[in-house]
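To start, the structure itself, in structure tokens.
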Amino acid sequence: MSYITDLRHFLDEAGEIPSALPKPARELASFLALIVDAVTISFPEQKWSIETGIRCRTPGCSGETVGALDSADEPVHWYCLECGEDGTISGWRESRWDNVDPRRLRTDV
């Protein structure tokens, strides 16, 4: 299964994952936020095959989620090495899980 998500759709006005969300939506939002956190912390030094340490959320799968980010203006891509579940996450910029340091981005390339 492929997911195309916008992190902002899961957040309240304060940029938090509301506890009032139904449990499945809260769990998906938390999963996506963890991926954004793990992928953006090493960007731009590492862009592809970023090991997140996050276990796949597919029932019965014990694979690890890997991420990629080509540009700070694009969605975060993620996929499971074992079952192939994958997706993209947009709307992550300026969220509390966005670790991209604008000072490290090169604009002269």
Practice item. Given side-chain contact (heavy atoms from CB on, under 4.5 Å), test F31 with Y3 step by step and report yes or no. Key: CA-CA 12 Å; F31 174 76; Y3 293 85; over 6 Å; no
Practice item. Could you pull out the closest heavy-atom pair between T52 and E64, with the gap in Å? Key: N-OE2, 3.5 Å
**Study point:** Taking every non-hydrogen atom, the tightest pair across V36 and V76
**Key:** CG2-CG2, 4.4 Å
Practice item. Quickly, which of I89, L34, V66 forms a side chain to side chain contact (heavy atoms under 4.5 Å, CB included) with W78? Name it, please. Key: I89
Point to revise | Non-hydrogen atoms of I17 and L21 that approach each other most closely | key: CG2-CD1, 4.0 Å
Revision key, fill the gap. Minimal heavy-atom distance between L69 and E74, with the atoms involved, is CD1-O, 3.6 Å
Study note, to complete from the structure: Heavy atoms of C56 and E85 approach each other most closely as SG-OE1, 4.1 Å
Check your understanding: Counting only N and O atoms by type, is there a donor-acceptor contact under 3.5 Å from the side chain of T5 to the main-chain atoms of T88?
Key -> yes
Review point. Distance from R8 atom CZ to S95 atom OG, nearest 0.5 Å?
Key: 10.0 Å
**Study point:** Side-chain (R93) to main-chain (D98) donor-acceptor, under 3.5 angstrom
**Key:** no
Exercise for review: For residues 53-77, pull every pair meeting ring-ring contact (aromatic ring centres under 6.0 Å, His included), keeping only residues two or more places apart or in separate chains.
Suggested key: none
Point to revise | Minimal non-hydrogen separation, Y79 against S49, with atom names | key: OH-OG, 3.6 Å
Practice item. State the CD1-CD1 distance between I35 and I50, to the nearest 0.5 angstrom. Key: 11.5 Å
Point to revise | Rounded distance [0.5 Å steps], CG in D6 versus CG in L11 | key: 8.5 Å
Practice item. Could you tell me the separation between the CD1 atom of I54 and the SG atom of C80, rounded to the nearest 0.5 Å? Key: 12.0 Å
Review point. Atom CG in D86, atom OG1 in T65: separation rounded to 0.5 Å?
Key: 10.5 Å
Practice item. Could you tell me the separation between the CG atom of L81 and the CD atom of E51, rounded to the nearest 0.5 Å? Key: 8.0 Å
Practice item. Run the numbers on L28 and R57 for side-chain contact (heavy atoms from CB on, under 4.5 Å), then give the verdict. Key: CA-CA 8 Å; L28 177 58; R57 62 184 305 273; 3.8 Å; yes
